[in-house]
Number of protein chains: 2
Amino acid sequence: MSSTKDIDALIELMAKLPGLGPRSARRAVLHLIRKRSLLLTPLADVMQTVAATARECLNCGNVGTLDICDICTSEKRANGELCVVEDVADLWAMERSGVFKGRYHVLGGTLSALDAVGPEELRIPRLLDRIPSENVTEVILALNATIDGQTTAHYIADQLEGEVRLTSLAQGVPIGGELDYLDDGTITAAMRARKTL
Amino acid sequence: MSSTKDIDALIELMAKLPGLGPRSARRAVLHLIRKRSLLLTPLADVMQTVAATARECLNCGNVGTLDICDICTSEKRANGELCVVEDVADLWAMERSGVFKGRYHVLGGTLSALDAVGPEELRIPRLLDRIPSENVTEVILALNATIDGQTTAHYIADQLEGEVRLTSLAQGVPIGGELDYLDDGTITAAMRARKTL
């Protein structure tokens, strides 16, 4: 049907988003067409803007609309603490918690021999440069608790040994977590790192 | 963070799509920004086009870019059969199956006393007009097998009684369906409508 060419193209592109398949993309597109003025037009406009302006911070890899992101330019955040994360989504999660007041460094993935991802692909050289230039005193390795994440953490720790204080996020029982639903590894880690009350 | 205003707005709008919540909207937006030239720009462009051109067919309620959709203008599909569906998604599902060669009529919902949806809200008057003007000989009520769907089917059947042949989709065991996973109602319907081999 030639008259639905654009709608079909929209469905096809929407189906490429993570979390949407062909069926949910069709549902989403019908929803968008029904709410044309409330949702489809604003969404198209803001997508145009983001496509034109979004860029990675040249310093830390965070996503924003500036060459150097707000966090990297803020003097308040230059407290000597640098939190290393795998992905921008992890940075956003840390920012939502509001617990961390320092700066970030987004690796953009993890080292992986299988996928041929080495330190050069991961913004690790830039990390090593930042330690002296930003007077970093502590590097917090907030990488995912996966094998690749931990391998990458070990690699970075090796590179930085002796230069700065190196820490990692504590492992243990998540808040609201029920022991019955936790895996053995988490329980083992929580038991080993148990605290005196 | 003022420099991420547009990105935040994009996440907020994406989270309004059916099937996406705040977390999956964030994931989708990061994916879009990463694949800016491959996905975000084309998606924004096609959304602009669809927002400008998408409309409901004035005759049947199908979604397309023409005032009267391809199916309604195709002489091949004027075979006297009219399939009544609740929603454009149902029309698309029927078209994908390729089994139906007639025309459609999209009600745009079901009658509902609770939500104050009467026949006037549902494109039912237009349906009654189409029977004589398009020489319809058979109306197939392909409404969902829900209470509201069946109420609507009964209402339409009442209106059209004696004027045309009225049929509905067969109820029974879906292809590939396992009896153990089917509800009692489906098994009852399939048993009552059993066929001689």
Side-chain angles (χ1 to χ4, degrees), chain A residues 1-7 9-14 16-21 23-57 62-66 69-71 73 87-89 92-93 95 108, chain B residues 1-7 9-14 16-21 23-57 62-66 69-71 73 87-89 92-93 95 108:
Chain A
M1 283 182 287
S2 62
S3 78
T4 61
K5 183 170 59 68
D6 293 322
I7 296 173
L10 180 55
I11 294 172
E12 208 171 292
L13 285 170
M14 290 291 285
K16 288 184 182 165
L17 291 178
L20 287 179
R23 182 177 299 265
S24 43
R26 282 195 297 268
R27 271 183 62 215
V29 168
L30 274 179
H31 185 79
L32 282 171
I33 292 175
R34 258 183 234 121
K35 308 223 161 185
R36 207 174 323 166
S37 53
L38 269 173
L39 194 53
L40 181 53
T41 311
L43 192 55
D45 290 344
V46 80
M47 272 192 183
Q48 297 272 24
T49 315
V50 169
T53 60
R55 66 199 64 201
E56 283 182 350
C57 170
N62 186 13
V63 157
T65 51
L66 304 167
C69 75
D70 288 339
I71 297 178
T73 47
D87 199 273
V88 177
W92 289 355
E95 281 296 284
Chain B
M1 283 180 287
S2 63
S3 78
T4 61
K5 184 171 58 70
D6 293 322
I7 297 173
L10 180 55
I11 293 172
E12 207 171 293
L13 286 170
M14 291 290 285
K16 288 184 183 166
L17 291 178
L20 288 179
R23 182 176 298 265
S24 42
R26 282 195 298 267
R27 272 183 62 214
V29 167
L30 274 179
H31 186 79
L32 282 171
I33 292 175
R34 257 183 234 122
K35 307 223 161 185
R36 207 174 323 165
S37 53
L38 270 171
L39 194 53
L40 181 53
T41 310
L43 192 56
D45 290 345
V46 79
M47 273 192 182
Q48 296 274 22
T49 316
V50 169
T53 59
R55 63 199 66 200
E56 283 183 349
C57 170
N62 186 13
V63 157
T65 50
L66 303 167
C69 75
D70 288 340
I71 297 178
T73 46
D87 198 273
V88 177
W92 289 356
E95 281 296 284

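Letters go in sequence order (proteins before strands), and every chain restarts at 1. Computed from a prediction, not measured in an experiment: that's the story for all the values here.
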Checklist entry - Going through the checks in order, is the side-chain contact (heavy atoms from CB on, under 4.5 Å) test met by B:Ile7 and A:Thr53? => result CA-CA 10 Å; B:Ile7 297 173; A:Thr53 60; over 6 Å; no
Checklist entry - Between A:Lys16 and B:Leu38, is a side-chain contact (heavy atoms from CB on, under 4.5 Å) present by the stated rule, with each step listed? => result CA-CA 11 Å; A:Lys16 288 184 182 165; B:Leu38 270 171; over 6 Å; no
Item to check | From CA spacing to verdict: side-chain contact (heavy atoms from CB on, under 4.5 Å), A:Met47, B:Asp45 | outcome: CA-CA 9 Å; A:Met47 272 192 183; B:Asp45 290 345; over 6 Å; no
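In terms of heavy-atom proximity, A:Ala51 sits nearest to B:Thr41 at CB-OG1, 3.8 Å. Across every non-hydrogen atom of B:Asp6 and A:Val46, the tightest pair is O-CG2, 3.5 Å. Smallest separation of non-hydrogen atoms from B:Thr4 and A:Gly64: CG2-CA, 4.1 Å.
With chain A as the partner, the residue from B:Met14, B:Glu12, B:Arg26 showing the most heavy-atom pairs under 4.5 Å is B:Arg26.
Every residue two or more places apart in sequence or in another chain that forms a side-chain hydrogen bond (donor to acceptor under 3.5 Å, both in side chains) with A:Arg55 is listed here: A:Asp67.
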Contacts under 3.5 angstrom, residues 27-35 of chain A side chains, donor-acceptor by atom type, not counting sequence neighbours:
unit_1  : atom_1 : unit_2  : atom_2 : d
A:Arg34 : NH2    : B:Asp87 : OD1    : 3.0
A:Arg34 : NH2    : B:Asp87 : OD2    : 3.0

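Only the side chain of B:Arg36 has a heavy atom closer than 4.5 Å to any heavy atom of chain A.
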